[in-house]
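Okay, so here's the structure we're looking at.
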Amino acid sequence: GNWSDHGFPGRIFVRCPDLGNLGQQTVASCEAACDAKLHCNAINIDVTSGACALRACLCGTELAPTGKLSGFSSYRRRDEPCPPAPPPPLFANVFGSGMVLQREPSQARVFGKAPSGAALTVTVAQQGELRYTANVSATANGAGEWACLLPKMPASGDGVSYNLTASLDEAPHHQQCLTEIVWGDVFVCGGQSNMELPLSLVNNHSLELAAATAFPWVRVAVVNSASSDTPLRDTPAPLLLPWQRASPYALGYFSATCWLTARNIAEMLGPSVPLGLVGSYVGGTPVESWTPGLNPADKDPEGHQFAVLYNAMIAPLTGMAIRVILFYQGENNSFRGGQPERWIKYATDFPLMIQRWREAWATNTGQSALGDTPFGFVQIGPRDCSPDADHQGSTPGSTFYGGVRWSQTAFQYAVPNEKMPNTFMAVAADLAEGYSPVLDPKAGCVHFGDKQDVGWRLALGVAKHVYG
(Lines give C-alpha, C1' and ligand atoms only; values in the text may rest on other atoms or scores of the structure.)
Protein backbone atom coordinates (compact mmCIF):
# COMPACT_ATOMS: atom_id res chain seq x y z
CA GLY A 1 0.00 0.00 0.00
CA ASN A 2 0.92 3.67 -0.18
CA TRP A 3 2.02 4.65 3.30
CA SER A 4 3.07 8.22 2.57
CA ASP A 5 -0.14 9.68 4.02
CA HIS A 6 -0.43 7.48 7.13
CA GLY A 7 2.26 9.28 9.12
CA PHE A 8 2.92 6.60 11.74
CA PRO A 9 5.93 7.12 14.06
CA GLY A 10 8.87 4.78 14.34
CA ARG A 11 9.62 1.63 12.39
CA ILE A 12 6.74 -0.34 10.92
CA PHE A 13 7.02 -4.06 10.17
CA VAL A 14 4.34 -5.50 7.93
CA ARG A 15 3.54 -9.19 8.34
CA CYS A 16 1.66 -11.15 5.70
CA PRO A 17 0.31 -14.45 7.15
CA ASP A 18 -0.91 -15.64 3.77
CA LEU A 19 2.72 -15.99 2.70
CA GLY A 20 3.22 -18.83 5.21
CA ASN A 21 6.78 -19.78 6.15
CA LEU A 22 8.14 -17.93 3.13
CA GLY A 23 6.52 -14.79 4.51
CA GLN A 24 8.21 -15.14 7.90
CA GLN A 25 11.60 -15.73 6.30
CA THR A 26 11.09 -12.79 3.97
CA VAL A 27 10.14 -10.51 6.86
CA ALA A 28 13.22 -11.54 8.83
CA SER A 29 15.59 -10.87 5.94
CA CYS A 30 13.80 -7.67 5.13
CA GLU A 31 14.11 -6.47 8.74
CA ALA A 32 17.84 -7.17 8.61
CA ALA A 33 18.19 -5.23 5.38
CA CYS A 34 16.25 -2.35 6.90
CA ASP A 35 18.51 -2.33 9.96
CA ALA A 36 21.53 -1.99 7.69
CA LYS A 37 20.11 0.89 5.65
CA LEU A 38 20.36 4.48 6.81
CA HIS A 39 16.98 6.08 7.62
CA CYS A 40 15.02 2.92 6.80
CA ASN A 41 12.26 2.36 9.33
CA ALA A 42 9.61 0.52 7.34
CA ILE A 43 9.33 -2.54 5.15
CA ASN A 44 6.75 -3.49 2.54
CA ILE A 45 6.20 -7.15 1.61
CA ASP A 46 4.49 -7.94 -1.66
CA VAL A 47 1.88 -10.59 -0.85
CA THR A 48 2.17 -12.21 -4.26
CA SER A 49 5.89 -12.45 -4.89
CA GLY A 50 7.32 -12.01 -1.40
CA ALA A 51 9.46 -9.15 -2.71
CA CYS A 52 10.70 -6.72 -0.08
CA ALA A 53 10.76 -2.92 -0.38
CA LEU A 54 12.55 -0.73 2.17
CA ARG A 55 10.69 2.43 3.11
CA ALA A 56 11.75 5.81 4.40
CA CYS A 57 10.59 7.24 7.70
CA LEU A 58 6.89 7.69 8.45
CA CYS A 59 6.25 10.36 11.08
CA GLY A 60 3.14 11.43 12.99
CA THR A 61 0.58 9.79 15.24
CA GLU A 62 -2.53 9.42 13.11
CA LEU A 63 -2.67 5.61 13.42
CA ALA A 64 -2.94 3.55 16.56
CA PRO A 65 -0.13 1.05 17.25
CA THR A 66 -2.55 -1.80 16.53
CA GLY A 67 -4.95 -2.19 13.69
CA LYS A 68 -4.66 -2.67 9.96
CA LEU A 69 -2.77 -0.87 7.27
CA SER A 70 -4.36 -0.99 3.80
CA GLY A 71 -3.37 -4.16 1.97
CA PHE A 72 -1.79 -5.92 4.99
CA SER A 73 -3.07 -7.92 7.93
CA SER A 74 -1.08 -6.53 10.85
CA TYR A 75 1.94 -4.51 11.81
CA ARG A 76 4.01 -3.56 14.81
CA ARG A 77 6.45 -0.73 15.46
CA ARG A 78 9.85 -0.19 17.04
CA ASP A 79 10.28 3.02 19.00
CA GLU A 80 12.88 4.85 16.99
CA PRO A 81 12.91 8.61 16.42
CA CYS A 82 12.46 9.81 12.90
CA PRO A 83 15.22 12.00 11.47
CA PRO A 84 13.94 15.54 10.87
CA ALA A 85 12.68 16.25 7.38
CA PRO A 86 15.19 18.34 5.43
CA PRO A 87 14.20 22.00 5.12
CA PRO A 88 13.11 23.20 1.68
CA PRO A 89 15.94 24.54 -0.51
CA LEU A 90 16.56 28.28 -0.41
CA PHE A 91 18.34 28.63 -3.76
CA ALA A 92 16.51 28.41 -7.09
CA ASN A 93 16.87 25.19 -9.09
CA VAL A 94 19.41 26.66 -11.51
CA PHE A 95 21.94 27.04 -8.69
CA GLY A 96 23.88 24.03 -7.50
CA SER A 97 27.16 22.78 -6.17
CA GLY A 98 29.91 22.83 -8.76
CA MET A 99 28.41 25.69 -10.77
CA VAL A 100 30.06 28.71 -12.38
CA LEU A 101 28.94 32.24 -11.48
CA GLN A 102 29.64 35.20 -13.73
CA ARG A 103 32.90 37.00 -12.94
CA GLU A 104 33.54 40.75 -13.04
CA PRO A 105 32.76 43.25 -14.49
CA SER A 106 29.26 41.84 -13.91
CA GLN A 107 27.96 41.00 -10.46
CA ALA A 108 26.71 37.47 -9.93
CA ARG A 109 23.10 37.49 -8.77
CA VAL A 110 21.58 34.63 -6.76
CA PHE A 111 17.96 34.14 -5.85
CA GLY A 112 15.44 31.65 -4.54
CA LYS A 113 12.48 31.05 -2.22
CA ALA A 114 12.00 31.54 1.52
CA PRO A 115 9.12 32.22 3.91
CA SER A 116 7.42 35.52 3.16
CA GLY A 117 9.21 38.41 4.86
CA ALA A 118 12.11 36.25 6.05
CA ALA A 119 15.55 37.85 6.32
CA LEU A 120 18.44 35.83 4.88
CA THR A 121 22.21 36.00 4.87
CA VAL A 122 24.15 34.75 1.87
CA THR A 123 27.78 33.96 2.64
CA VAL A 124 30.63 33.50 0.18
CA ALA A 125 33.61 31.70 1.71
CA GLN A 126 36.72 30.42 -0.01
CA GLN A 127 37.25 26.72 0.51
CA GLY A 128 40.34 25.35 2.13
CA GLU A 129 42.47 27.85 4.01
CA LEU A 130 40.07 30.75 4.62
CA ARG A 131 41.32 33.73 2.64
CA TYR A 132 38.07 35.39 1.56
CA THR A 133 34.61 35.69 3.04
CA ALA A 134 31.69 38.02 2.43
CA ASN A 135 28.12 38.27 3.75
CA VAL A 136 25.19 39.73 1.79
CA SER A 137 21.70 40.34 3.20
CA ALA A 138 18.40 39.67 1.44
CA THR A 139 14.71 39.69 2.40
CA ALA A 140 11.96 37.54 0.89
CA ASN A 141 9.04 39.50 -0.55
CA GLY A 142 5.36 38.76 -0.06
CA ALA A 143 5.56 35.95 -2.62
CA GLY A 144 8.49 34.37 -0.79
CA GLU A 145 11.03 35.40 -3.46
CA TRP A 146 14.44 36.76 -2.53
CA ALA A 147 17.48 37.86 -4.52
CA CYS A 148 20.81 39.59 -3.96
CA LEU A 149 23.89 40.70 -5.85
CA LEU A 150 27.16 39.17 -4.72
CA PRO A 151 30.42 41.17 -4.64
CA LYS A 152 32.23 41.46 -7.95
CA MET A 153 34.72 38.63 -8.19
CA PRO A 154 37.60 37.89 -10.55
CA ALA A 155 37.93 34.56 -12.32
CA SER A 156 38.59 31.90 -9.70
CA GLY A 157 41.65 30.46 -11.36
CA ASP A 158 42.89 26.90 -11.18
CA GLY A 159 42.28 25.20 -7.83
CA VAL A 160 40.25 28.02 -6.23
CA SER A 161 36.65 27.40 -5.21
CA TYR A 162 34.07 28.71 -2.74
CA ASN A 163 31.15 27.71 -0.57
CA LEU A 164 27.94 29.66 -1.11
CA THR A 165 25.54 29.44 1.82
CA ALA A 166 22.06 30.91 2.28
CA SER A 167 20.55 30.82 5.77
CA LEU A 168 17.51 32.29 7.50
CA ASP A 169 18.52 34.86 10.11
CA GLU A 170 15.82 33.76 12.59
CA ALA A 171 16.40 30.05 11.95
CA PRO A 172 20.13 29.57 11.22
CA HIS A 173 19.67 25.79 11.07
CA HIS A 174 17.56 26.36 7.93
CA GLN A 175 20.33 26.80 5.44
CA GLN A 176 21.55 25.53 2.10
CA CYS A 177 25.23 25.28 1.29
CA LEU A 178 26.52 24.96 -2.26
CA THR A 179 30.11 23.79 -2.59
CA GLU A 180 32.80 23.91 -5.27
CA ILE A 181 31.48 27.23 -6.64
CA VAL A 182 33.76 29.13 -9.02
CA TRP A 183 33.62 32.47 -10.84
CA GLY A 184 34.19 32.56 -14.58
CA ASP A 185 32.16 33.14 -17.74
CA VAL A 186 28.65 31.76 -18.21
CA PHE A 187 27.38 30.73 -21.66
CA VAL A 188 23.66 30.14 -22.27
CA CYS A 189 22.99 27.83 -25.23
CA GLY A 190 19.46 27.60 -26.65
CA GLY A 191 17.46 26.59 -29.69
CA GLN A 192 16.02 23.46 -31.22
CA SER A 193 17.31 20.03 -32.22
CA ASN A 194 20.63 21.02 -33.79
CA MET A 195 21.62 22.72 -30.53
CA GLU A 196 20.18 19.79 -28.59
CA LEU A 197 22.17 17.21 -30.62
CA PRO A 198 24.56 15.68 -28.03
CA LEU A 199 28.27 15.16 -28.40
CA SER A 200 27.65 11.40 -28.43
CA LEU A 201 26.11 11.68 -31.93
CA VAL A 202 28.64 13.83 -33.80
CA ASN A 203 31.45 12.72 -36.06
CA ASN A 204 34.34 11.13 -34.15
CA HIS A 205 32.25 11.20 -31.01
CA SER A 206 34.33 8.59 -29.18
CA LEU A 207 37.45 10.75 -29.45
CA GLU A 208 35.51 13.90 -28.58
CA LEU A 209 34.03 12.34 -25.43
CA ALA A 210 37.38 10.96 -24.31
CA ALA A 211 38.96 14.41 -24.69
CA ALA A 212 36.46 15.99 -22.27
CA THR A 213 38.53 15.09 -19.22
CA ALA A 214 41.24 17.52 -20.39
CA PHE A 215 38.96 20.47 -19.52
CA PRO A 216 37.94 20.10 -15.86
CA TRP A 217 37.53 23.88 -15.55
CA VAL A 218 34.53 23.74 -17.90
CA ARG A 219 31.25 22.85 -16.18
CA VAL A 220 27.89 22.05 -17.72
CA ALA A 221 24.19 21.91 -16.81
CA VAL A 222 20.96 21.31 -18.74
CA VAL A 223 17.52 22.80 -18.03
CA ASN A 224 14.60 20.38 -17.97
CA SER A 225 12.12 20.72 -20.83
CA ALA A 226 9.02 22.58 -19.65
CA SER A 227 6.47 25.18 -20.73
CA SER A 228 4.49 27.90 -18.99
CA ASP A 229 1.91 30.47 -19.98
CA THR A 230 3.62 33.07 -17.78
CA PRO A 231 7.31 33.89 -17.20
CA LEU A 232 8.73 31.95 -14.25
CA ARG A 233 11.38 33.06 -11.79
CA ASP A 234 12.64 29.51 -11.36
CA THR A 235 12.58 26.40 -13.49
CA PRO A 236 9.55 24.24 -12.62
CA ALA A 237 11.76 21.19 -12.05
CA PRO A 238 15.35 20.51 -10.99
CA LEU A 239 18.00 20.62 -13.68
CA LEU A 240 17.90 17.70 -16.11
CA LEU A 241 21.70 17.55 -15.90
CA PRO A 242 22.87 19.05 -12.60
CA TRP A 243 26.02 21.16 -12.58
CA GLN A 244 29.13 19.06 -13.04
CA ARG A 245 32.58 19.12 -14.55
CA ALA A 246 33.01 18.17 -18.18
CA SER A 247 33.25 14.39 -18.49
CA PRO A 248 32.45 11.74 -21.10
CA TYR A 249 29.29 10.91 -19.16
CA ALA A 250 28.02 14.49 -18.89
CA LEU A 251 28.84 15.42 -22.46
CA GLY A 252 27.16 12.30 -23.77
CA TYR A 253 23.92 14.13 -22.96
CA PHE A 254 25.06 17.70 -23.58
CA SER A 255 24.86 19.94 -26.66
CA ALA A 256 27.73 19.25 -29.06
CA THR A 257 27.56 22.74 -30.55
CA CYS A 258 27.68 24.43 -27.17
CA TRP A 259 30.50 22.23 -25.91
CA LEU A 260 32.67 22.39 -29.02
CA THR A 261 32.36 26.18 -29.10
CA ALA A 262 33.29 26.50 -25.44
CA ARG A 263 36.10 23.99 -25.71
CA ASN A 264 37.83 26.17 -28.28
CA ILE A 265 37.44 29.15 -25.96
CA ALA A 266 38.69 27.08 -23.01
CA GLU A 267 41.83 26.27 -24.99
CA MET A 268 42.28 29.98 -25.68
CA LEU A 269 41.73 31.18 -22.09
CA GLY A 270 43.17 28.23 -20.20
CA PRO A 271 42.20 27.05 -16.69
CA SER A 272 42.52 30.57 -15.25
CA VAL A 273 38.96 31.31 -16.46
CA PRO A 274 36.35 28.63 -15.67
CA LEU A 275 33.47 28.35 -18.12
CA GLY A 276 29.89 27.45 -17.19
CA LEU A 277 27.62 26.16 -19.96
CA VAL A 278 23.85 26.12 -19.47
CA GLY A 279 21.89 24.20 -22.11
CA SER A 280 18.22 25.08 -22.58
CA TYR A 281 16.76 23.65 -25.79
CA VAL A 282 13.89 21.63 -27.23
CA GLY A 283 13.89 19.97 -30.65
CA GLY A 284 11.31 20.79 -33.30
CA THR A 285 10.37 24.21 -31.95
CA PRO A 286 9.76 27.59 -33.67
CA VAL A 287 11.21 30.96 -32.71
CA GLU A 288 7.80 32.13 -31.50
CA SER A 289 7.89 29.59 -28.64
CA TRP A 290 11.14 31.18 -27.46
CA THR A 291 10.00 34.82 -27.74
CA PRO A 292 8.86 36.61 -24.57
CA GLY A 293 5.79 38.78 -24.58
CA LEU A 294 3.83 36.86 -27.21
CA ASN A 295 0.38 35.51 -26.44
CA PRO A 296 0.55 31.82 -25.35
CA ALA A 297 -2.95 31.37 -26.77
CA ASP A 298 -1.48 31.85 -30.24
CA LYS A 299 -0.02 28.85 -32.03
CA ASP A 300 1.94 28.20 -35.19
CA PRO A 301 0.52 25.92 -37.93
CA GLU A 302 2.12 22.90 -36.24
CA GLY A 303 0.39 23.68 -32.93
CA HIS A 304 3.35 25.09 -30.98
CA GLN A 305 2.30 27.69 -28.41
CA PHE A 306 4.00 31.05 -28.46
CA ALA A 307 6.29 32.21 -25.62
CA VAL A 308 5.81 29.13 -23.43
CA LEU A 309 9.35 27.73 -23.76
CA TYR A 310 10.88 31.11 -23.05
CA ASN A 311 8.65 31.47 -20.00
CA ALA A 312 9.71 28.16 -18.42
CA MET A 313 13.23 27.54 -19.74
CA ILE A 314 14.84 30.95 -20.42
CA ALA A 315 13.05 33.41 -18.12
CA PRO A 316 14.37 31.64 -14.98
CA LEU A 317 17.92 32.14 -16.30
CA THR A 318 17.50 35.87 -16.89
CA GLY A 319 17.89 36.54 -13.18
CA MET A 320 21.53 35.44 -13.26
CA ALA A 321 24.40 37.31 -14.88
CA ILE A 322 25.91 35.74 -18.01
CA ARG A 323 28.60 36.52 -20.60
CA VAL A 324 27.26 35.32 -23.97
CA ILE A 325 24.25 33.64 -25.62
CA LEU A 326 24.56 30.99 -28.34
CA PHE A 327 21.49 29.99 -30.37
CA TYR A 328 20.83 27.39 -33.07
CA GLN A 329 17.29 27.44 -34.46
CA GLY A 330 15.30 28.29 -37.58
CA GLU A 331 14.47 25.00 -39.22
CA ASN A 332 10.94 24.97 -37.84
CA ASN A 333 10.33 28.44 -39.26
CA SER A 334 11.13 27.28 -42.78
CA PHE A 335 7.70 25.80 -43.38
CA ARG A 336 5.63 27.59 -45.97
CA GLY A 337 2.19 28.90 -45.21
CA GLY A 338 0.72 31.94 -43.52
CA GLN A 339 0.65 35.59 -44.48
CA PRO A 340 3.42 36.54 -44.85
CA GLU A 341 5.11 33.21 -45.29
CA ARG A 342 6.87 32.14 -42.13
CA TRP A 343 10.38 32.26 -43.52
CA ILE A 344 9.81 35.92 -44.43
CA LYS A 345 8.32 36.74 -41.04
CA TYR A 346 11.39 35.22 -39.37
CA ALA A 347 13.34 38.30 -40.51
CA THR A 348 11.46 40.33 -37.90
CA ASP A 349 10.65 37.60 -35.37
CA PHE A 350 14.27 36.57 -34.78
CA PRO A 351 15.63 40.09 -34.11
CA LEU A 352 12.64 40.69 -31.83
CA MET A 353 13.47 37.59 -29.79
CA ILE A 354 17.10 38.70 -29.41
CA GLN A 355 16.06 42.18 -28.31
CA ARG A 356 13.58 40.89 -25.73
CA TRP A 357 16.01 38.36 -24.29
CA ARG A 358 18.56 41.11 -23.74
CA GLU A 359 15.96 43.41 -22.18
CA ALA A 360 14.94 40.63 -19.79
CA TRP A 361 18.52 39.99 -18.69
CA ALA A 362 19.17 43.69 -18.12
CA THR A 363 15.92 44.16 -16.18
CA ASN A 364 15.99 41.00 -14.08
CA THR A 365 19.63 41.28 -13.06
CA GLY A 366 19.49 45.06 -12.58
CA GLN A 367 22.60 45.36 -14.78
CA SER A 368 22.06 47.47 -17.89
CA ALA A 369 25.22 46.20 -19.55
CA LEU A 370 23.54 42.83 -20.02
CA GLY A 371 21.10 44.56 -22.36
CA ASP A 372 23.83 44.30 -24.97
CA THR A 373 24.93 40.72 -24.25
CA PRO A 374 26.78 39.28 -27.28
CA PHE A 375 24.49 36.93 -29.20
CA GLY A 376 25.91 34.28 -31.53
CA PHE A 377 23.87 31.99 -33.75
CA VAL A 378 24.32 29.28 -36.35
CA GLN A 379 23.16 29.63 -39.93
CA ILE A 380 20.88 26.68 -40.64
CA GLY A 381 22.31 24.07 -42.97
CA PRO A 382 20.77 22.33 -45.99
CA ARG A 383 17.41 20.60 -45.76
CA ASP A 384 18.47 17.52 -47.68
CA CYS A 385 21.60 16.13 -49.20
CA SER A 386 21.01 17.33 -52.76
CA PRO A 387 22.14 20.66 -54.27
CA ASP A 388 18.59 21.97 -54.68
CA ALA A 389 17.52 20.85 -51.21
CA ASP A 390 16.77 24.37 -49.97
CA HIS A 391 13.79 24.71 -52.33
CA GLN A 392 11.19 22.14 -51.37
CA GLY A 393 8.16 23.39 -53.23
CA SER A 394 5.67 26.20 -52.77
CA THR A 395 2.78 24.42 -51.06
CA PRO A 396 1.92 24.84 -47.36
CA GLY A 397 3.96 22.41 -45.33
CA SER A 398 6.92 22.47 -47.71
CA THR A 399 10.15 24.13 -46.60
CA PHE A 400 12.43 26.90 -47.78
CA TYR A 401 15.69 26.70 -45.82
CA GLY A 402 17.43 29.11 -48.18
CA GLY A 403 14.87 31.77 -47.34
CA VAL A 404 15.38 31.30 -43.61
CA ARG A 405 19.11 31.83 -44.01
CA TRP A 406 18.44 35.28 -45.46
CA SER A 407 15.91 35.97 -42.73
CA GLN A 408 18.44 35.05 -40.06
CA THR A 409 20.26 38.28 -40.91
CA ALA A 410 17.02 40.36 -41.07
CA PHE A 411 17.58 40.51 -44.86
CA GLN A 412 20.77 42.51 -44.26
CA TYR A 413 22.88 39.61 -45.59
CA ALA A 414 25.52 39.99 -42.87
CA VAL A 415 25.73 40.47 -39.10
CA PRO A 416 26.13 42.50 -37.04
CA ASN A 417 23.86 45.09 -38.62
CA GLU A 418 21.62 47.93 -37.45
CA LYS A 419 18.71 45.56 -36.83
CA MET A 420 20.87 42.97 -35.07
CA PRO A 421 23.65 44.77 -33.16
CA ASN A 422 26.40 42.86 -31.36
CA THR A 423 25.54 39.58 -33.04
CA PHE A 424 27.69 37.09 -34.91
CA MET A 425 26.92 34.07 -37.09
CA ALA A 426 28.60 30.77 -37.82
CA VAL A 427 28.09 29.88 -41.50
CA ALA A 428 26.90 26.30 -41.94
CA ALA A 429 25.40 26.15 -45.44
CA ASP A 430 28.54 24.39 -46.69
CA LEU A 431 28.58 21.65 -44.08
CA ALA A 432 26.13 19.21 -45.67
CA GLU A 433 27.07 15.57 -45.54
CA GLY A 434 25.72 12.51 -47.27
CA TYR A 435 24.15 11.19 -44.10
CA SER A 436 22.76 12.26 -40.75
CA PRO A 437 23.73 10.72 -37.38
CA VAL A 438 20.12 11.16 -36.28
CA LEU A 439 17.81 10.75 -39.27
CA ASP A 440 17.48 8.19 -42.01
CA PRO A 441 19.31 9.53 -45.11
CA LYS A 442 15.98 9.82 -46.91
CA ALA A 443 14.83 12.20 -44.18
CA GLY A 444 17.61 14.60 -44.98
CA CYS A 445 20.87 15.97 -43.65
CA VAL A 446 19.39 18.59 -41.34
CA HIS A 447 21.25 17.18 -38.35
CA PHE A 448 24.68 16.83 -39.91
CA GLY A 449 27.48 15.36 -37.81
CA ASP A 450 30.19 17.94 -38.42
CA LYS A 451 29.54 20.05 -35.36
CA GLN A 452 33.29 20.55 -34.92
CA ASP A 453 33.33 23.13 -37.71
CA VAL A 454 30.21 24.77 -36.30
CA GLY A 455 31.89 25.03 -32.90
CA TRP A 456 35.09 26.42 -34.39
CA ARG A 457 33.24 29.09 -36.38
CA LEU A 458 31.09 30.11 -33.42
CA ALA A 459 34.21 30.25 -31.25
CA LEU A 460 35.80 32.70 -33.69
CA GLY A 461 32.79 34.96 -33.16
CA VAL A 462 32.99 34.56 -29.38
CA ALA A 463 36.71 35.34 -29.44
CA LYS A 464 36.09 38.57 -31.37
CA HIS A 465 32.82 39.86 -29.90
CA VAL A 466 33.30 38.71 -26.29
CA TYR A 467 37.04 38.69 -25.73
CA GLY A 468 38.15 41.28 -28.29
Side-chain angles (χ1 to χ4, degrees), residues 92-94 186-198 220-242 253-258 277-320 322 324-335 338 342-343 345-365 370 373 375-378 380 404 407-408 423 438 446-447:
N93 288 324
V94 72
V186 179
F187 292 29
V188 170
C189 300
Q192 60 178 111
S193 54
N194 261 313
M195 181 62 85
E196 187 177 27
L197 186 76
V220 300
V222 178
V223 174
N224 233 318
S225 177
S227 62
S228 172
D229 287 348
T230 58
L232 303 179
R233 292 185 178 271
D234 191 13
T235 58
L239 294 174
L240 178 64
L241 181 71
Y253 300 93
F254 190 75
S255 164
T257 294
C258 187
L277 316 181
V278 185
S280 189
Y281 30 69
V282 179
T285 53
V287 73
E288 294 91 342
S289 292
W290 297 102
T291 304
L294 301 184
N295 186 350
D298 293 335
K299 298 180 180 180
D300 73 0
E302 286 75 50
H304 298 104
Q305 284 183 270
F306 291 3
V308 293
L309 296 181
Y310 167 84
N311 290 340
M313 299 180 65
I314 298 297
L317 306 179
T318 62
M320 56 186 288
I322 63 170
V324 64
I325 301 168
L326 304 178
F327 198 70
Y328 197 163
Q329 188 276 333
E331 295 88 348
N332 260 67
N333 288 86
S334 69
F335 296 110
R342 294 180 66 194
W343 67 270
K345 191 170 177 288
Y346 194 82
T348 55
D349 288 348
F350 185 40
L352 176 65
M353 189 208 79
I354 296 172
Q355 174 190 338
R356 290 186 177 177
W357 279 30
R358 287 169 166 169
E359 291 171 350
W361 253 285
T363 299
N364 294 337
T365 61
L370 294 179
T373 299
F375 191 104
F377 62 95
V378 183
I380 65 170
V404 172
S407 296
Q408 285 182 293
T423 59
V438 180
V446 178
H447 306 96

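Quick caveat: nothing in here was measured; it's all calculated off a predicted structure. No hydrogens, no waters, no symmetry mates; every other heavy atom, side chains included, goes into these values. The first residue in the sequence is number 1, and the count goes up from there.
- Residue R342 comes nearest to P301 through the heavy atom pair NH1-CD, 3.7 Å, listed as atom of the first residue, atom of the second, then distance.
- Of the possible donor and acceptor atoms, one in the side chain of S407 sits under 3.5 Å from a partner among the backbone N and O of W343.
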Evaluate the side-chain contact (heavy atoms from CB on, under 4.5 Å) criterion for residues I325 and W361: first the C-alpha distance (whole Å), next the side-chain angles of each, then the deciding distance (0.1 Å), finally the verdict.
-> CA-CA 11 Å; I325 301 168; W361 253 285; 3.9 Å; yes
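- T373 places a side-chain heavy atom less than 4.5 Å from the side chain of I322.
- Note: L352 CG to K345 NZ = 8.5 Å, rounded to the nearest 0.5 Å.
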Derivation of the side-chain contact (heavy atoms from CB on, under 4.5 Å) call for N194 and V378 = CA-CA 9 Å; N194 261 313; V378 183; over 6 Å; no
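- In this structure, N333 contributes its side chain and V287 its backbone to a donor-acceptor pair below 3.5 Å.
- Aromatic ring pairs are classed by plane angle as parallel below 30°, tilted from 30° to 60° and perpendicular above 60°; the pair F375 and W357 is perpendicular.
- Looking only at distances, a side-chain donor or acceptor of N311 sits under 3.5 Å from a matching main-chain atom of S228.
- At least one donor-acceptor pair closer than 3.5 Å links the side chain of N93 to the backbone N or O of T235.
- Here the CD1-CG distance, from I314 to L232, works out to 12.0 Å after rounding to the nearest 0.5 Å.
- Atom CG of residue D349 and atom CG of residue L294 lie 7.5 Å apart, to the nearest 0.5 angstrom.
- A donor-acceptor pair is defined here as one N or O able to donate and one able to accept, closer than 3.5 Å; no such pair exists between the side chain of Y253 and the backbone of L240.
- How far SG of C258 is from OH of Y281: 7.0 Å, rounded to the nearest 0.5 Å.
- With 3.5 Å as the limit, one finds a donor-acceptor pair spanning the side chains of E359 and Q355.
- When all heavy atoms of V308 and P296 are compared, the pair lying nearest together is CG1-CB, 3.9 Å.
- Contact of the V278 side chain with the V223 side chain is registered, since non-hydrogen atoms from C-beta on lie closer than 4.5 Å.
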Check against side-chain contact (heavy atoms from CB on, under 4.5 Å), L309 and T285 | CA-CA 9 Å; L309 296 181; T285 53; 3.5 Å; yes
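- Within the 4.5 Å cutoff, the side chain of T318 has heavy atoms near those of the Y310 side chain.
- Distance check, rounded to the nearest 0.5 Å: OG of S280 to CH2 of W290 gives 5.0 Å.
- In terms of heavy atoms, S289 sits closest to Q305 at OG-O, 2.7 Å.
- Just one of Q408, Q329, E288 meets the side chain to side chain donor-acceptor pair (under 3.5 Å) condition when paired with Y346; it is Q329.
- Summarising the geometry of S193 relative to H447, their closest heavy-atom pair is OG-NE2, 2.7 Å, with the distance given to 0.1 Å.
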Trace of the side-chain contact (heavy atoms from CB on, under 4.5 Å) decision for V188 with F327 = CA-CA 8 Å; V188 170; F327 198 70; over 6 Å; no
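- The heavy-atom pair separating V282 from M313 by the smallest distance is CG2-SD, 3.6 Å.
- Considering every non-hydrogen atom in both L239 and A221, the closest pair reads CD1-CB, 4.0 Å.
- N224 contributes no side-chain N or O that, together with a main-chain N or O of P236, makes up a donor-acceptor pair within less than 3.5 Å.
- Using modelled atom types, one finds no donor on one side chain facing an acceptor on the other under 3.5 Å when comparing E302 with N332.
- Rounding to the nearest 0.5 Å gives a distance of 11.0 Å between CG of L370 and CE of M320.
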